[in-house]
Every structure is written in C-alpha cells, then in structure tokens.
2 protein chains.
Amino acid sequence: MYSYSYLFRFTQSVFEHIGLTEREANQASEILMRAELRNISTHGLVRLPEYISLWKNNRITVKPEFKILHETPSTALVDGGKGLGLVTAPKAMNLAIEKAEVAGTGWVAVRNSYHFGIAGYYAMKALEKDMIGITMTNANPLVAPTFSLKGMLGTNPIAVAIPAKDEPPFVADFATAPVSRGKVDEWYQHGESVPEGLVQDERGILTNDAFALQNRGAIRTLGGDRVHASHKGYCISAIVDIFSAVFSGANFGPTVVPTLGYVKGKDGMVDNGIGHFFGAMRIDAFQTKDEFKKNMDDWIRTFRAAEPVEGEERVLIPGDPEREAEAVNMLNGIKLGKKSFEGLKSIAEEFDLDFDTSGFDNA
Amino acid sequence: MYSYSYLFRFTQSVFEHIGLTEREANQASEILMRAELRNISTHGLVRLPEYISLWKNNRITVKPEFKILHETPSTALVDGGKGLGLVTAPKAMNLAIEKAEVAGTGWVAVRNSYHFGIAGYYAMKALEKDMIGITMTNANPLVAPTFSLKGMLGTNPIAVAIPAKDEPPFVADFATAPVSRGKVDEWYQHGESVPEGLVQDERGILTNDAFALQNRGAIRTLGGDRVHASHKGYCISAIVDIFSAVFSGANFGPTVVPTLGYVKGKDGMVDNGIGHFFGAMRIDAFQTKDEFKKNMDDWIRTFRAAEPVEGEERVLIPGDPEREAEAVNMLNGIKLGKKSFEGLKSIAEEFDLDFDTSGFDNA
C-alpha cells in the first residue's frame, strides 16, 4: 500500500523531471491520483510510462502554447499545441466555465492534445461553480462500428457531472464502449476469457479470446450486436468522436495516430493529436439554483430508493461507487497493480528518483 | 398504399378538428408524416389516437401558452402550457436556434409538454441554418436501471444532426433503450418472442416473453446486463431524463404520468408533463463553416468506406437508412400498419371525416 500523498509527490517529481512547471506537475498529478482514488486505475499511474514515451518520441511537448483559434460568446476552439492532455485539458475546462459565467453555457473543443486521464475530473470541476460539467474525448481506434471489420472508433468516454443540494452530485464517467482496452488487457494478463458479446476477432466474429485485440480484432460498440442495438452504441461513440475531433479539427476515428505499440499507424499520417470537448452549464441557466438543486436531490433520492432485484443490494446513482472508493482509498492507501508498480519503478530508475518499492510488497 | 399528401391532408384535418390552427395542424402533421416517411412508424400516425385521448381527458390543451420562464444569452426554460409536443417543440427548437445565432449555441429546456413525435425532426431543423441540432425527451417509465426491479426511466431518445458539405448530414435518432415499447408491442401482436437480453419480467429476471411489459416487467437499459455494461446504458438514459426533466422541472423518471393504459400512474401525482431538451450549435462556433463541413465530409466518407464483415453489405452512416426510406416512400407511397390504419379509421368515423379505407386493402 502507498499513501495518497506519497504517490502524489512521486508523480509530481516525475512530471517536474520532464520539464513541467511545479504548478502544472501538481495539476497533472492530481488528475492521475484522482483516478487512483476513484478505483479507475486504468486511467491512473499506469499511464505514466505512456506519457513519458510520447515525450521521448517528441509526440508531445512540455511547453505547449494554449491558443484560442476561434470563439463566440458561448464557444471556443483551442489548439493544445501538442501538450499533455493533463496540462491542456484543465485550461480548456476553465475556459468553458468562464464562458458559462457570461453566456449561461460554455463549450470548448480542443485539438492537438493527448490522453487527459479520467474524463470525470474535468466534468467535476464545474460542480465547484454550481455548474453542470460535460467532458468527451476521442481515443485510439479500437472499437468496430456495427458491421465493420475493423476498429474505427476509440472507447470515447463521456462524463457528466450534475450538482445537487444535500445529496452528493451525480457523476457519470464512462467509456462509451462496453469494455475498456485496459480491462481486456487485464483479462489477457490474467489468462481469462472475454465474456460473450464484447470483442470480435480479425474476421469480425464475436470471440472470447482476450488476445484478439492484439491480433487485429476489435471491441464491439455498446449493445454488442445488431439485435441488441449495437447501432445505438455506434451512434453514441460516433457522436463523441465528432464532437471531440471534427468540431476541433483533431484526428478523428481511424486517423488517430496510435499511442499504443500494437495499434498500427499508417506512414505519413498527419498528427493533429486527439480532440476533447468540454461543456459547462450554469444550473441557474434554466431555473433558480435552489429549484434546480431541490429537483436534483429529488431525482437522486427517487432512484436511490428504487427496489433492487433479488440478490442485489441497491440501485446505484452514477458516481456513488467512485465516491465511496475515494473515501476508503484516501484513508487506507492505494494498492498499485503490478503493471503500474513496474512502470513507476522503471521510471524512478531511469530518472534517478527515489521510489519506495516496499509499498508494493506489503500490499 | 397511401400517398404522402393524402395522409398529410387527413392528419391535418384531424388536428384542425380538435382545434389546432391551420398552421399548427400543418406543422404537427409534417412531424408525424416525417416519421412515416423515415420508416419510424412507431412515432408516426399510430400515435394519433393517443393524442386524441389526451385531449379528450383534458391532459392537453390545444390553445397552450408558450411561456419563457427564465433565460440567459445561450439558454431558456420554456413552459409548454400543457400543449401537444407537436405544437410546443417546434417553437422551442426555434428558440434554441435564435439563441445560437447570437451566442454561438442555444439550449432550451421545456416542461409541461407531451409526446413530440420523432426527436430527429427537431434536430434536423438546425441543419437548415448550418447548425448542429440536438434533441432529447423523457417518456413513460418502462426501462429498469441496472439492478432495479421496476421500470423507472423512459426509452428516452436522443437525436443529433450534423451538417456536412457534399455528403448528406449525419442524423442519429434513437431511443437510448435497446428496444422501443412499440417494437415489443409488435412482437407481442405477432406472437413473437423477445430476443434474450432486452426485457425483464416482474421479478427482474431476463425473459423472452413479449407480454412481460404489460405484466409488471421492464425493458433493460442498453447493454442488457452488468457484464455487458447495462450501467452505461443506465447512465445515458438517466442523463436524458435529467437534461429533459430536471433541468426543466417536468415530471422525471417514474413520476411521469403515463399516457398508456397499462402503465399505472399513482393517484394524486403532480403532472408537469414530460420534458424536452433542445440544442443548436452554429458550425462556425468552433471553426469556419467551410473547414467544419469539409471535416464532416471526411468523417462520413471514411466511415462509409469501412470494410464490412463477411455477409454484410456496408457500414452505415447514422441517417442513411432513414434518408433512403424517405425517397422510396415519397415515391411509392406509405403502407400503414394495421394498428395505425384502425386508429385513423376510427378517428374518421368519430369526427365524421372522409377516410379512404381502400388504401389499406390495396397495400
């Protein structure tokens, strides 16, 4: 086990080592650590070696220019200047919030950015200002539209955070594909098979083989097949791709230049990075704050009080499990997975930073 | 077979009979007929008896006041005054478009409204102004959140329409549940069973029984079960419910007063109608119009050119099948289903309107 503050400080030192300012390194570490706290470790410290590799290969710069290229009272297009998503995205979300303060809502599309951690982090930033937060991003093409032989879309997450009054906020934060690449990788590493209906093989046929993604297979869209409405999952993932990458002029769908070794990029691909989309809506844009929050409390209480089916404890409100995990992990510490641990250890060795390896052994 | 114009005129005469102005009746008929043209007949003329029944029971008024209760430069809250959705929704979408002309984007939440036909109709209105259109609505509670014994959410459609340059627009228009109530009703009427994973019975267990919805069962959310990410489908349907009904102060989730005989409402329920959410975003809110449309053409062509799996003809762009159906149905005429036909016939008899029944027999 590691304490939150130990891992936070180590991560910050890594980001400072590659040239982020103290403030940026602090911000970037906070985002990754929030994923660890919320038990979304697929988007936490395990990504650090990927960021370092992008930096080494000059795919990202640590001194990016944040440029507003186009704007209206409620919108802006930002060029992230090939910075880390963890550096660019917080600024873009702030810009959406500033727009919303004046226009009621603010919407910012970003290009030339990279992986930004958990989408929910940015959506939740809006809560502090009594706003609804919305985040989307596109990602490496691994998801096959209905009837497509190949992965054309990313797992393309959406996050929506909505404030309430006495209840904790509603925070939905999910990849629009039914499983993440990280989850399939985990099944593969543990020698487990993939449940039916989630992944297709190189011929486009449903498979249980967790190696399929590394062998020209693809994740199916939410729904799984046409009978179970995979075309709706395709629509949802496509909307995220278009809002993130067509609105911004980033690389969309299959033109995203992969950050993963086993997803093959084409020679000579133009790299405008991936795209993000951020939204902020003042809750008093539609009703008074009090009315809105009371309504939202009612919604949350109604759904939390829903009778569960036999064998299940309760109906969850989106954000409940992650919020509960945050409290537990902050208190008890964070258990690193093997891949995360080895990534941090090898970064520490390479950069000659102190890293206490006993935290892994004593887990 | 019936010609488009024959059914349009008949429908208009029905709406005029109950007291809509000529202009409103024309608009309402256009929306229902658009559903027929696009082969979304579950949201077309089959709904006319339901509207008449709401009117007879004083659930709706044909002279509603359209009242803007609250606004910011980019948003508004509208009270639909218990009008037909087909009358109120076009005005609300226009308001979103007007807001977008000034602020870059416009967002309108509506309460005290009722069923508004196909969501896609309103989203597509934005296309005429070189805008992206977004529509959501909540609906009768028939869909069970993950682990819930009962239906708490509507089939809650989302429509997103995005203009392109030389390509036809991207138009996604879909219920967020994997099947519509109408589809399950059809299976029941045809004596067919429900494919596994779509519907649960009165104990919350997956069933193939198409009668289950009428026997305290519920539709599952997109994904079907936890392993296949039904919790993501729950998040999506919940977001539509909150945007449509919490933002507006309409009846949300299970508090929606049913318009269907077999969904039981509770005595003394407050009826603020259902809620809608409309969005319009200028395509030049993020880039120049030319850049945006070129990017969107690229997106559409890339996905249309995707290699299909063996046995399938092509990867579809959302909106392709409906657009193709429109062209065919406009040319060849519209074939009414038995339920639609009988509904129209009985309305004609009751209101003493001419209706040519031979169009059904000669289909």
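Convention: sequence-line order gives letters A, B, ...; per-chain numbering from 1.
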For [X], is it the side chain, the backbone, both, or neither that has a heavy atom closer than 4.5 Å to a heavy atom of chain A?
X: B:F252; result: side chain
X: B:A100; result: neither
X: B:A144; result: neither
X: B:P145; result: side chain
X: B:I68; result: neither
X: B:A76; result: backbone

Greatest number of heavy atom pairs closer than 4.5 Å to chain B - which of [options]:
options: A:F292, A:Y234, A:F170; value: A:Y234
options: A:M152, A:E291, A:H231, A:K150; value: A:M152
options: A:L316, A:I162, A:V315; value: A:V315
options: A:S248, A:P195, A:G224; value: A:S248
options: A:G311, A:A238, A:G253; value: A:A238
options: A:G204, A:A175, A:A306; value: A:A175

Could you tell me whether the side chain of A:P318 reaches within less than 4.5 Å of the side chain of B:C235, counting heavy atoms only? yes

**Asked** Are side-chain heavy atoms of A:K232 and B:T176 found at a separation under 4.5 Å?
**Response** no

What pair of heavy atoms forms the shortest contact from [X] to [Y], and how long is it?
X: B:G249; Y: A:N295; result: CA-ND2, 3.7 Å
X: B:P254; Y: A:T302; result: CG-CG2, 3.6 Å
X: B:G233; Y: A:L222; result: N-CD2, 4.1 Å
X: A:P178; Y: B:A229; result: O-CB, 3.6 Å
X: B:Q287; Y: A:V246; result: NE2-O, 2.8 Å
X: A:T72; Y: B:D284; result: CG2-O, 4.4 Å

If you round to the nearest 0.5 Å, how far is [atom2] of [Y] from [atom1] of [X]?
X: A:F303; Y: B:L153; atom1: CZ; atom2: CG; value: 4.0 Å
X: A:T146; Y: B:R314; atom1: OG1; atom2: CZ; value: 13.0 Å
X: B:I236; Y: A:F174; atom1: CD1; atom2: CZ; value: 4.5 Å
X: B:D298; Y: A:T255; atom1: CG; atom2: OG1; value: 9.0 Å

Could you tell me which of [options] has the largest number of non-hydrogen atom pairs under 4.5 Å with chain A?
options: B:D173, B:T288, B:V78, B:D241; result: B:D241
options: B:E196, B:K99, B:E71; result: B:E196
options: B:M281, B:K294, B:E313, B:Q200; result: B:M281
options: B:I283, B:I239, B:I205; result: B:I239

Ring geometry between A:F286 and B:F277 (parallel below 30°, tilted from 30 to 60°, perpendicular above 60°) = perpendicular

Applying a strict 4.5 Å limit to non-hydrogen atoms, the region of A:V160 in contact with chain B is side chain

**Item:** Any donor-acceptor N or O pair under 3.5 Å, side chains A:T105, B:T75
**Value:** no

field: Salt-bridge present (B:E310, A:R203; N to O < 4.0 Å)
entry: no

request  = Could you tell me whether B:R226 atom CZ has more than 12 heavy atoms of other residues or ligands within 6.0 Å of it?
outcome  = no

